[in-house]
Amino acid sequence: MNPILSPYLWAIRAMSVIGLAALCLTGELEPAYCLAGICTFMLSFILDRLPKLQRRFRRLETPVVVVLILQLVLDMTMRHQTIFIAVAHFLILFQVFKWCGLKERKDAFQIFLFGFFQLLAACTLSVDVWQAALLLAVIPVGAAGLYWNSVQREADLSGIKAEGRTRTLYLRMGLGISTGAIPTVVALTAFVFLVFPRLTLNASLPGFGNAHIGYTDRINLSQSGTLKGDETIVLWLSFPDDRIRMAWDGYLRGSTLSQFDGRLWSPAKQTSLRTLTPDGSGWFRFAPTRGREEFTQEIMLIDPSASTVFMAGRPLAIHAPLPSLQRDEAGSVHWSVSWKRPLRYQITATYSAAALASDSKEDPSALTNVGLASLALGRLASLARTITAGATTDDARAHQIERYLRTKYAYSLDLPSGSSENPVEDFLFQSRRGPCGYFASAMAVLLRLEGIPARVVAGYYRGEWNEPAKQFTIREKDAHAWVEAYLLGQGWVRFDPSPRSTTSSASARRWHSVRQYMDYMGLKWNNWVIQYDLYAQLRAFERVRRSSESLNDQVAVWMSRPRKGSSSITEPTVTSSKQSLPYKTLLFFAVLLASAGAYARPRTPSSLPNSARDYLSFLNRMARRGHTRRPEETGLEFAQRMEREDPSKKEVVWEATRRYYQLRFSRSHDPYSPGGPS
Amino acid sequence: MAILPTTGLSSLLWVLRLPWEGLRWLFATRPIRFTRLGLFYTLFVIGVGAAAINTGNNLLYLILGILLGLIVVSGFLSDSGLWGIRTQWQPLETLYAHKTTPFLCVVEKGWFPAVGLHVRAFGSGSKPVELGLAWVGSRTTTQQALSVTPLRRGWLPLGEERFSTVFPFGLFEKFHVHHPNDRWLVYPAVRRLPLAELGFASPRPAQEPARRAGEGASPFLVRDYRLGDRPSRIHWKLSAKRSAWMVNEMEEETDPGSSLWISSWPANDVEAFISWVASFIYTLISDGKSVGFYAPGLHLQQDSTRAQLDRILRYLALVDPATEKPTVSALEHGRMQHSIDLLQRWRSR
């Protein structure tokens, strides 16, 4: 068995790095496995020099495989991991073991495959833009890996070895294939991607679930620790009208949470859902749009796992590629079908008072009851009375509570408590700092204690304006909670008691523009690649058809334009060009087939050496000009005759003849005569 | 429903047949065979395609595109590695049946290098031989020696010449097949017979004529120049032709020689008889004896040169005992010359 070639080792190392990077970037992999993967890469360098250790590891292959399969089963059954994550764990651990016992081509190729399978698993776990870079990187690495595996196989099985100068030539060829494969495969991939039919069958297999966990329609106050500012982009928001964009208040509504059990805010359980279906043009109509101050917004929801339609203002109509939508009494809009890809939808909405009043069908009187019979609420009620002292209307009381919370309490990502019976009271009287969920909870509870119907709304706030994309970027860290209070005569009015946090680190500011461009690339990736579905495919084909027709018309006009010296002027007609299109297409294919056939025509194997072929070619050319060599003539005699008959070609003929004689009959130039000794 | 016009229908059928015809043409001109890795790769591609269709995950579509793209790149490169290959085969020694003989294969490549090229030839008349070439550069030639063992006397055709490669990714073995007309003459199997079997054994071996190649008066053969050869013996014409010094070798003319004749072919073991006759004559001429040969279809006067041996061996290589019957004149001529009947000698050995 030949030792594994070093370029092959580098190729499998590169594939391992790609696979590991892909898995780590999904964010679904636990840190221990990431560490194991990094160790794998380090091991590959160390164990090359420790063949004895490698041999020992090889003896353990069978028990290790059994243990790893058990671990895979445990991952799926006991730890309830999805099959992709369980397989990713298995691949990483098996890869570590394989690196330890690497000896043969078979082991090397298995490691190479593991790297690729890791990338494949990552593709099912995340669709972020960095996948584009990894997929691009996998082309040269994959080509190099397959190439060197083939070279190694030939050396092992056929004895064709890449040694000495041949090794250099093989290296050059490998480099050429790797680099040359990039444009070729990218072009072919683009072609396959564009034309391969998008038939999403959605046949489900057990264990193949969606692994994304993002926005949830719950606010849990019993959690402890520190919230992390997750930079993952949740959605992109754009307003076609710049005035609306400037006037936007920054709030994106998600779910309305009316039910509170002292620790957890959740949507009302006893709510009736209204199911809407789209009209002929794909619009879900909530209310008549005529005569209202309406505006349009377009949202690309990157992570649709919450099944919630986020929106600015109150919806009048939604255009989304969904079969149905459900709207609850509080005005939140959800969908119930399975949708795992990014969702693009368009909303016509309004901020008008009439819409606000009629938006929610929820009974406000049911939301005055705090519903915390088991808890002592004396201190909270006393505080509410203190804050609202002097206020005569609900509106004034609500504003006083909002102002009080904003000014007397501090915003913090540190969660105040984890085990308190009454987290709101702890927040108001002890910790006095916390995230937005605590502010919103506190205000809603204080309002309810004052007899004002109130509920918490979960959604997103503001985000960040992305200049290259001309859209707002909303990230996970922009998740927000605020309060809606029912005021007589105004309906549900929004209050936001959370103080604003405007701090940003210096490094974040430094990399701001870079990050904006990266986000922009991510948006384009989503628009052009991830969003490309059957409808987009049909639209693209239609566009190509129209373009070809337009081009055809232009060509017809150009062909029939009056020529110089021509007196007749013919009016070009679209009909004639359209009629001729099938014939032109057929003609095009006929020429294509004829040229392909001419290229691929099996040629008679010739046993003539180059010199004879060239001379025959010369004789053929001369024959086409009327100077045919007679059968009895030798080359010299033909040249002498030509000199007499056509002195102008004397030099050419003599040169060709001289070269032929030199090559044909000089051993040093043409050593291998045709045929054998027969 | 409107009935399609005949011309339209035939056009439609022609268009519908195009993919099938295209595939047929493709596999006829570029036959391929899956390697085990290629088979798994193809199944894997189908699996990824099915997963992409099922899930609608566009990243899987991209991976599918990459995998298919690599197949196309592989096909293009392997095809380029096989186009424009020409070979020339030359035996480096005289071919005898059942004797392993070195051959020289010269491979010439066209516009693209051939990497990991396998050449297989001699499908009939010999055990197939396979040649593995690591690299044949574009527009260059590479030569490699290999051994061929002819299985029978007569013509040895090169037969089907098959060029194959798994370059570049080892997914598919692509091959081209040529049918050249080259053939070589294979003499019958020969071995050096003991003197006792020749019938020339003497109670006094010292009186037997020794090998006489060397200085003498009659031309014996032409051979390569060796250090110490007399310059006057240089065969100038042949040296000029071969671009290498050749010298005449002479022999003495003292042996009266032997006339051999084949009265008839044996009913059984014809091939063994022919091989024995070839060995008999080979041994005699190698020992410098002059040999005349009378056989069905061939009469040769006595001669002890290598050319005589070649003439006889060529006859024995190509003779077909079923058609070449002994003639009366040959038989009489044989008797008149008091020559040795090889059939009798063969039976009585």
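Naming: A, B, ... by sequence-line order, numbering from 1 per chain. What you are looking at is a predicted structure, and each value in this text was computed from that prediction instead of being measured. Scope of the values below: all heavy atoms of this structure, side chains included, with no hydrogens, waters or symmetry mates.
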Can you tell me which portion of Val138(A) sits under 4.5 Å from chain B's heavy atoms? Options are side chain, backbone, both or neither.
side chain
What pair of heavy atoms forms the shortest contact from Pro168(B) to Ser150(A), and how long is it?
O-CB, 3.5 Å
Looking at OG1 of Thr165(B) and CD of Glu154(A), how far apart are the two atoms once the value is rounded to the nearest 0.5 Å?
6.5 Å
Bottom line for Trp528(A): the part with an atom under 4.5 Å from chain B's heavy atoms is neither
Using non-hydrogen atoms and a 4.5 Å limit, figure out which bit of Leu68(B) sits close to chain A: side chain, backbone, both or neither.
side chain
Against chain A, label Phe44(B) side chain, backbone, both or neither, depending on which of its atoms sit under 4.5 Å from a heavy atom there.
side chain
Residue Leu62(B) versus chain A: region with a heavy atom under 4.5 Å:
both
Measuring from Thr189(A):OG1 to Leu70(B):CG, what's the distance to the nearest 0.5 Å?
8.0 Å
Contacting region of Leu77(B) [heavy-atom separation from chain A under 4.5 Å]
side chain
Roughly how far, to the nearest 0.5 Å, is the OH atom of Tyr41(B) from the CG atom of Leu146(A)?
6.5 Å
CH2/Trp245(B): more than 12 non-hydrogen atoms of other groups inside 6.0 Å
no
Expected output: side-chain Asn57(B) to main-chain Cys123(A) donor-acceptor under 3.5 Å
yes
dist Ile160(A):CD1 -> Leu117(B):CG (nearest 0.5 Å) comes out at 7.5 Å
Against chain A, label Phe112(B) side chain, backbone, both or neither, depending on which of its atoms sit under 4.5 Å from a heavy atom there.
side chain
Tell me the closest heavy-atom pair linking Phe169(B) and Tyr147(A), and the distance in Å.
CD2-N, 3.7 Å
Max heavy-atom pair count under 4.5 Å with chain A, selected residue of Gly49(B), Gly137(B), Gly116(B):
Gly116(B)
Within the 4.5 Å heavy-atom criterion, are Val185(A) and Val73(B) side-chain neighbours or not?
yes
In terms of heavy-atom pairs under 4.5 Å with chain A, the winner among Val48(B), Leu158(B), Leu18(B), Leu133(B) is Leu133(B)
Relative to each other, are the rings of Phe193(A) and Tyr61(B) parallel, tilted or perpendicular (30° and 60° limits)?
perpendicular
Donor-acceptor contact present, side-chain Tyr170(A) to main-chain Trp135(B), <3.5 Å:
no
Within the 4.5 Å heavy-atom criterion, are Leu37(B) and Phe109(A) side-chain neighbours or not?
yes
Leu156(B) portion near chain A, given a 4.5 angstrom heavy-atom threshold:
neither
Could you walk me through whether Leu59(B) and Ile530(A) pass side chain to side chain contact (heavy atoms under 4.5 Å, CB included), step by step?
CA-CA 7 Å; Leu59(B) 293 187; Ile530(A) 305 300; 4.1 Å; yes
Proximity breakdown for His118(B) and chain A, heavy-atom pairs closer than 4.5 Å:
side chain
What are the two closest non-hydrogen atoms of Thr166(A) and Ala134(B), and how far apart are they?
CG2-CB, 3.7 Å
